[in-house]
Amino acid sequence: MSPGLESTSVSVLKGVGPAVRETLAKLSLVTLADLWFHLPLRFEDRTQLTPIRDLIPGQTAQVEGLVEAVERGFRFRPQLKVAISDDSLGTLVLRFIHFHSAQAASFQAGARFRVYGDVRLGKDCLEMIHPSYTRVLADTPLADALTPVYPLTEGLGQKTIQRLIQEALTRLPPESDFELLPVDLRVRHDLPGLRESLLTVHRPGPDDVADLLAQQHPAQRRLAFDELLAHQISLRQIRKLTQQLPATRIIAGKRRKPLLKALPFQLTGAQTRVLSELDRDLACGKPMMRLVQGDVGSGKTVVAAIAAASAADAGVQTALLAPTELLAEQHYRNVDRWLSPLGIRVVHLSGKIKGKARDKALADIAGDADVVVGTHALIQDQVRFRALSLIVIDEQHRFGVHQRLSLREKGLGALVPHQLVMTATPIPRTLAMSLYADLDVSVIDELPPGRTPVATKVISNSRRDEVIERIRAACAEGRQAYWVCPLIEESEQLEAQAAEATFKLLTESLPDLPIGLLHGRMKSKDKRATMDAFQSGALRLLVATTVIEVGVDVPNASLMIIENAERMGLSQLHQLRGRVGRGRIASSCVLMYQPPLGALARERLNVLRETEDGFKIAERDLQLRGPGELLGTRQTGELAFRIANLSQHAEQLPHVSAAADWMLEHAPEAAERLMRRWIGQQARFADA
Ligand code: ADP
Ligand code: MG
């Protein structure tokens, strides 16, 4: 068995020069194997056409029609509207908020287009916003199988990635050189061959359609098995290797008492218990590897800060890593406020700190800083610590599990830093133990006293006007509100555009209200300015993408509107809702959905109405997400798996564990190769 072909560079493919290679590298697509294992996010059904007259808002559909009219707005409303109609005598408007002139010119009256997108109710008739479209002839055949849709990055179009993957597949090795699972294991669990499975998901045949859409195809089950197995194997290796290494002994010292006394609140019982678990780990001379789970608002940060104070007492450093700059900054403020009065030096480092300030921060980190707060750029930069001994990673699910590996190198010579991982997405304990096979688990299962419950409502998008009225009323009373825009899986850019469009609409509807906009594509300076203005109350309404989901803390905000809630995972909705209910004011959350809402989707949203307990929500989410419900994969409630899906494949976990045992013992080389296929990219990414 030679792994040669797997590690062949993508540049052997037609049309991949240095520029394309670089773009692909942004998605960690470097080798042919990376392309083979770049799996579809979802599938589009372009095998049929829907008569325009039969379209229903909320539906995703393909239609074909002739251009009737084109209208192009200038200056203040530079949007492009194209009306098309078909034999059913229905009319559909295609609306583009961002477009090129050439694009506008391509829509000539009478030209025939095939269009695929989400149908919604526009001002006067049905419309699709930014649909995908191609010009066709009257007899252009329809696709005879599903179209895979892949994750993209800027500068890489769906058609290009589709073509490259198809071409890479022509170089798949024969099964005998490729399959890593032993035959008896495959037979026992009824798993098809690897080669065949990859070909099925990338090139589905007409017979595969129903099973693939239901995420029930044996090929999907096979690939999920491999992916879970690769994760298990690598987590076990990490744990095994780490446990053999020495670490600094950290014992709570002179600052513990004054710190607890100076805090503006008393720790909850759960916080105290978890803190003692951390104390025990930190003192034993082996690297701590612990996951702290706790619901939104359960007070994880302060527990980490207290551990950091112990490290400072022991004369060593702590790094606190947050997934976004927004959150890093907020942590910095809190931790600094709690610790610096005790003479602990807290330093903030982020990508946006430049020039002299940066040099100073770097010098501090190499010098007498005790606690360093930043984004995970802290790992990737050439940051040198004096004595890094404790690494706290907040909101773990935003980090690749394997990015944690690269942290180790930042330690003190032979001593390995302790690792504390905090996640705000509660997951059932059995799952946590399989998924974080390298970590011990602690749970903060109690909220601080004095929280106000959040009243949650589920209402249709068609009542948008009422919702806007509600915002007007709430803000008139001095309250603040969030408006969360729909999640768009494939592209952060499209998501940002949609947020801008919503921002415009709301600004028109609420002209007297100071409204801010926040999305992932903004410059960090602008993000911070917007966040500060919202925090200070200068902005009353914040229109945002899901970037606000993690950790943002503005107690005066008491109204949360979430658009297209039916597209999001329950855990994510729970996170978003956790942004309100933080102060004394009664808070509410409005989950808007695009009708028609299926029974299952309705039940899912109802779970949120019924409970605010993150663990219960996580369990219900798992139970409910049965087959048939097509969900986004970018659910932050779950780890970033490419194909494995905890609700569908949870029952495989025990088999995966057993297979991991077997492979590590009997086929260590195959285990290594399997890890490289599925996790290799992330490991390389972390090294970069
Ligand atoms: P999360 O666990 O979601 O990260 P945070 O650490 O952000 O929660 O804490 C949420 C808020 O609760 C913060 O404002 C924090 O200062 C406060 N807090 C933490 N612990 C307590 C406590 N024991 N009593 C009261 N407030 C607390
Ligand atoms: Mg937090």
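Order of listing sets the numbers, starting from 1, for every ligand and every atom in it.
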For Glu325 and Thr375, does a side-chain donor sit closer than 3.5 Å to a side-chain acceptor? no
No-hydrogen, no-angle side-chain donor-acceptor test under 3.5 Å, Arg345 and Ser340: no
Using a strict 4.0 Å cut-off to heavy atoms of Val296, name the atoms of ligand 1 that fall inside it. 3 (O)
Any atoms of ligand 1 less than 4.0 Å from a non-hydrogen atom of Trp338? List them with their elements. 16 (O)
What I want to check is whether the side chains of Arg256 and Ser310 have a donor and an acceptor closer together than 3.5 Å. yes
Is a donor from one side chain sitting under 3.5 angstrom from an acceptor on the other, for Arg479 and Ser558? yes
Proximity of Met422 to ligand 1 by residue part, where a heavy atom lies under 4.0 Å: neither
Backbone or side-chain N or O of Arg582 under 3.5 Å from ligand 1 N or O: no
Is Gly297 in polar range of ligand 1, meaning some N or O pair under 3.5 Å apart? yes
Can His331 and Asp394 be counted as having a side-chain donor-acceptor contact under 3.5 angstrom? yes
Considering only heavy atoms of Gln266, which atoms of ligand 1 have at least one such atom less than 4.0 Å away? 22 (C), 23 (N), 24 (N)
Between Arg451 and ligand 1, which residue portion shows a heavy-atom distance shorter than 4.0 Å: side chain, backbone, both, or neither? side chain
Below 4.0 Å, non-hydrogen atoms only: which portion of Leu267 touches ligand 1? Side chain, backbone, both or neither. backbone
Geometric N/O contact Pro449 with ligand 1, under 3.5 angstrom: no
Centre of Tyr332's six-membered ring, under 6.0 Å away, within 45 degrees of the axis: is that where NZ or CZ of Arg337 sits? no
Has ligand 1 got any nitrogen or oxygen that is less than 3.5 angstrom from a nitrogen or oxygen of Gln271? yes
For ligand 1, which atoms sit closer than 4.0 Å to a heavy atom of Thr301? 4 (O), 5 (P), 6 (O), 7 (O)
Partners passing side chain to side chain donor-acceptor pair (under 3.5 Å) against Ser298 (at least two apart in sequence or in another chain): none
What are the atoms of ligand 1, with element, lying closer than 4.0 Å to any heavy atom of Thr268? 23 (N)
Assess, by modelled atom type and distance only, whether the side chains of Asp336 and His348 contain a donor and an acceptor separated by less than 3.5 Å. no
